[in-house]
Student: 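The structure's right below; bear with me while I get my questions together.
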Amino acid sequence: MPFSPFPYSDTNKRYHTWDYFIKHRYGGKVLKIPLNAGFGCPNLDGTRGRGGCTFCSAAGSGDFAGDPEKSLTEQFMEQRQKLAVKWPQAEKYIGYFQAYTNTYAPLEVLRRAYEEVLEQPGVVGLSIATRPDVLPEEAMTYLSALNRQTDIYVELGLQSIHDQTARRIHRGHDFGTFLKGVWRLNREGIPVCVHIINGLPGEGAEDMLETARELARLPVHSLKIHLLHVLRGTQMEAELGRGEIRLLEKEEYVRIVCDQLELLPPEMVIQRITGDGKAEDLIGPLWSKNKKAVLAAIDKELVRRDSWQGKRFSGI
């Protein structure tokens, strides 16, 4: 067994992986089944803004989710079969409402969608991706009740704590709104997963580390760290073409991620540590296509430093 000084690891990993959490929570492999329930987004329809976030694809960050023209049951079965090719031993699943804003509908519509997926064989819970400015009271009350029957995880897109960055990427809400959402979910006992993006326009390494420091102080269950990648057809593609943004080099990204991990509490689960898009739509950085190499470089850098997640965590 490879040695790791990190307590939440039974491999060579020096951070709290989603796989480790899942194995100890459910006793084995659990697959997240990415779904598209056909919900909209208030940052597209004019409620918060139009055009969406500048990095967001036409699929609403659900490029690998199911076909919204099909029922959720059909999507679930198809996606499960695809994932079973790689993980044939898996018998438990989390329904992942991934595309667009998955609390942005009347309660009865949400209820039908969520419960259709919960009825699928082997489902042990739901992961619901949404925005912190779309947490209506009736939906939160319902999710709180549902969380007492099964496992509910809510994923909130933050991207950066810096309001200047949020305005530049047309995020449509500020950091204060995000904080209200996190504490609202925390009061209901619902675990929160936060999404951040490294390499956003106008940010330096210290800005990204400050995002990690702030999240380390909050009741955040898990974190998804994404690399800014530019996809064809996004507003950011035009910005890149005009020379208005610079993409991170692999070595920069690895260094920043390792710095962030050191600042985070060891209990915080790291669901994702890089990000990519569909290969045919990816404009850059092209090095992100080789995800295994990025993950290996992060592991190697932590070993070189003799470091791990939480080494520089100062407590809350």
Side-chain angles (χ1 to χ4, degrees), residues 1-34 64 79-80 82-96 122-127 147 150-155 189-196 198 212 215-216 218-227 250 253-276 288 290-316:
M1 178 71 67
F3 170 75
S4 171
F6 183 65
Y8 297 96
S9 176
D10 48 19
T11 64
N12 66 328
K13 295 296 183 183
R14 292 175 173 231
Y15 55 93
H16 195 160
T17 67
W18 177 246
D19 280 346
Y20 180 90
F21 168 76
I22 287 294
K23 182 169 69 174
H24 288 263
R25 170 70 177 171
Y26 300 102
K29 187 70 177 178
V30 180
L31 300 181
K32 288 181 80 172
I33 307 295
F64 300 103
Q79 297 283 64
R80 188 181 72 176
K82 288 179 184 178
L83 294 172
V85 174
K86 187 173 182 181
W87 293 286
Q89 76 281 12
E91 296 180 345
K92 296 178 182 178
Y93 310 95
I94 291 174
Y96 181 21
V123 170
V124 295
L126 300 178
S127 189
N147 192 46
T150 188
D151 284 347
I152 301 295
Y153 305 92
V154 171
E155 302 194 13
I190 298 173
V192 178
C193 173
V194 177
H195 293 230
I196 63 172
N198 286 334
L215 292 178
L218 296 174
V220 171
H221 173 270
S222 52
L223 181 64
K224 286 188 176 180
I225 304 174
H226 297 266
L227 162 71
K250 177 181 170 184
Y253 183 75
V254 168
R255 183 173 63 253
I256 290 165
V257 167
C258 291
D259 289 345
Q260 289 173 321
L261 289 173
E262 290 177 344
L263 295 169
L264 298 172
E267 297 82 9
M268 187 182 292
V269 179
I270 308 300
Q271 287 204 34
R272 178 180 286 273
I273 206 162
T274 186
D276 55 2
S288 67
N290 191 344
K291 187 181 294 185
K292 288 184 178 179
V294 179
L295 297 176
I298 292 169
D299 291 340
K300 185 176 180 180
E301 174 62 11
L302 288 172
V303 171
R304 187 194 69 79
R305 297 182 182 193
D306 188 25
S307 192
W308 51 85
Q309 180 182 336
K311 186 173 184 180
R312 293 194 290 146
F313 174 60
S314 57
I316 298 174

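What you see below is based on every heavy atom in this structure, not just the backbone, and it leaves out hydrogens, waters and symmetry mates.
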Student: Side chains of Arg80 and Leu31: does their closest heavy-atom pair fall under 4.5 Å?
Tutor: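 Contact flag for Arg80/Leu31 side chains = no.
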Student: Taking the side chain as C-beta and beyond, is there a heavy-atom pair between Ile94 and Ile22 under 4.5 Å?
Tutor: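 In contact.
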Student: Looking only at atom types and distance, does a side-chain atom of Arg14 sit under 3.5 Å from a main-chain N or O of Pro5, one as donor and one as acceptor?
Tutor: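 Checking the backbone N and O of Pro5 against the side chain of Arg14, no donor-acceptor pair under 3.5 Å is found.
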Student: Within a strict 4.5 Å, meaning less than it, do heavy atoms of the Val194 and Ile196 side chains meet?
Tutor: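 Yes, their side chains come closer than 4.5 Å.
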Student: Distance from Leu126 atom CG to Asp151 atom CG, nearest 0.5 Å?
Tutor: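 With rounding to 0.5 Å, CG (Leu126) is 9.5 Å from CG (Asp151).
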Student: Which heavy atom of Tyr15 sits nearest a heavy atom of Phe6, and at what distance?
Tutor: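 That would be C-CE2, 3.4 Å.
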Student: Once rounded to the nearest 0.5 Å, what's the spacing between atom CG of Leu264 and atom CH2 of Trp308?
Tutor: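 The CG atom of Leu264 sits 15.0 Å away from the CH2 atom of Trp308.
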Student: Backbone N or O of Ser4 within a donor-acceptor pair of the Ser9 side chain at under 3.5 Å?
Tutor: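 Checked: no pair found.
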Student: Salt bridge or not for Glu262 and Arg305, using N-O below 4.0 Å?
Tutor: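 A salt bridge is present here (some side-chain N lies under 4.0 Å from a carboxylate O).
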Student: Kindly indicate, with the supporting measurements, whether the criterion side chain to side chain contact (heavy atoms under 4.5 Å, CB included) is fulfilled by Leu223 and Gln271.
Tutor: CA-CA 6 Å; Leu223 181 64; Gln271 287 204 34; over 6 Å; no
Student: With sequence neighbours left out, write down each residue that passes salt bridge (charged side-chain N to carboxylate O under 4.0 Å, His left out) with Lys300, or none if nothing qualifies.
Tutor: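 Residues passing salt bridge (charged side-chain N to carboxylate O under 4.0 Å, His left out) with Lys300: none at all.
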Student: Quickly, which of Ser127, Pro191, Cys193 forms a side-chain contact (heavy atoms from CB on, under 4.5 Å) with Ser222? Name it, please.
Tutor: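 Result for side-chain contact (heavy atoms from CB on, under 4.5 Å) with Ser222: Cys193.
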Student: Taking Gln309 for its side chain and His16 for its backbone only, find out whether a donor-acceptor pair lies under 3.5 Å.
Tutor: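 Answer holds: yes.
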Student: Determine the minimum heavy-atom distance between Val154 and Ile190, stating which atoms define it.
Tutor: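 Residues Val154 and Ile190, closest heavy atoms: CG2-CG2, 3.7 Å.
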Student: Within the structure provided, determine whether Lys291 and Thr274 are in side-chain contact (heavy-atom separation under 4.5 Å).
Tutor: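 Counting from C-beta outward, Lys291 and Thr274 do come under 4.5 Å.
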Student: Report yes if some heavy atom in the side chain of Thr17 is under 4.5 Å from a heavy atom in the side chain of Ile270; otherwise report no.
Tutor: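 Thr17 vs Ile270: side chains apart.
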Student: Restricting to ring-ring contact (aromatic ring centres under 6.0 Å, His included), what partner residues turn up for His226, sequence neighbours left out?
Tutor: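 ring-ring contact (aromatic ring centres under 6.0 Å, His included) list for His226, sorted by chain: His195.
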Student: Under 4.5 Å between any side-chain heavy atoms of Arg272 and Ile225, yes or no?
Tutor: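 Sidechains of Ile225 and Arg272: no contact.
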Student: For the atom pair CD1 (Ile256) and CG (Asn198), what is the distance rounded to the nearest 0.5 Å?
Tutor: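 Ile256 CD1 to Asn198 CG: 6.0 Å, rounded to 0.5 Å.
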Student: Could you grab the distance from atom OH of Tyr93 to atom CG of Leu83, nearest 0.5 Å is fine?
Tutor: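 Result: 9.0 Å between the selected atoms.
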Student: Would you call Lys224 and Glu155 a salt bridge, using N to O less than 4.0 angstrom?
Tutor: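 Yes, charged N to carboxylate O under 4.0 Å.
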Student: Could you give the distance from SG (Cys258) to CZ (Arg304), rounded to the nearest 0.5 Å?
Tutor: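 Rounded to the nearest 0.5 Å, the SG-CZ separation comes out at 9.0 Å.
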Student: Not counting sequence neighbours, which residues clear salt bridge (charged side-chain N to carboxylate O under 4.0 Å, His left out) with Lys311? List them please.
Tutor: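 Once residues adjacent in sequence are excluded, Lys311 has no partner under the salt bridge (charged side-chain N to carboxylate O under 4.0 Å, His left out) criterion.
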Student: Looking at CD of Glu301 and OH of Tyr253, how far apart are the two atoms once the value is rounded to the nearest 0.5 Å?
Tutor: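 Reported value, rounded in 0.5 Å steps: 14.0 Å.
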Student: Using the test salt bridge (charged side-chain N to carboxylate O under 4.0 Å, His left out), find all partners of Lys23 that sit at least two apart in sequence or belong to another chain.
Tutor: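 If we apply the salt bridge (charged side-chain N to carboxylate O under 4.0 Å, His left out) test to Lys23, skipping adjacent residues, the hits are Asp10.
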Student: Looking at Tyr26, is its backbone amide N or carbonyl O close enough to the side chain of Lys92 to form a donor-acceptor pair, meaning the two atoms are under 3.5 Å apart?
Tutor: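 Side chain of Lys92 to backbone of Tyr26, a donor-acceptor pair under 3.5 Å: yes, one is there.
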Student: Using a 6.0 Å distance limit plus a 45 degree cone around the ring axis, check whether Lys32 lies over the aromatic ring of Tyr96.
Tutor: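 Relative to the ring axis of Tyr96, which defines the angle, Lys32 lies inside both limits.
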Student: For Asp299, check side-chain hydrogen bond (donor to acceptor under 3.5 Å, both in side chains) against everything at least two apart and list the hits.
Tutor: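 Testing Asp299 for side-chain hydrogen bond (donor to acceptor under 3.5 Å, both in side chains), a comparison that skips the adjacent residues, returns Lys13.
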Student: Check salt bridge (charged side-chain N to carboxylate O under 4.0 Å, His left out) between Lys250 and all other residues, then give those that pass, not counting sequence neighbours.
Tutor: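 Once residues adjacent in sequence are excluded, Lys250 has no partner under the salt bridge (charged side-chain N to carboxylate O under 4.0 Å, His left out) criterion.
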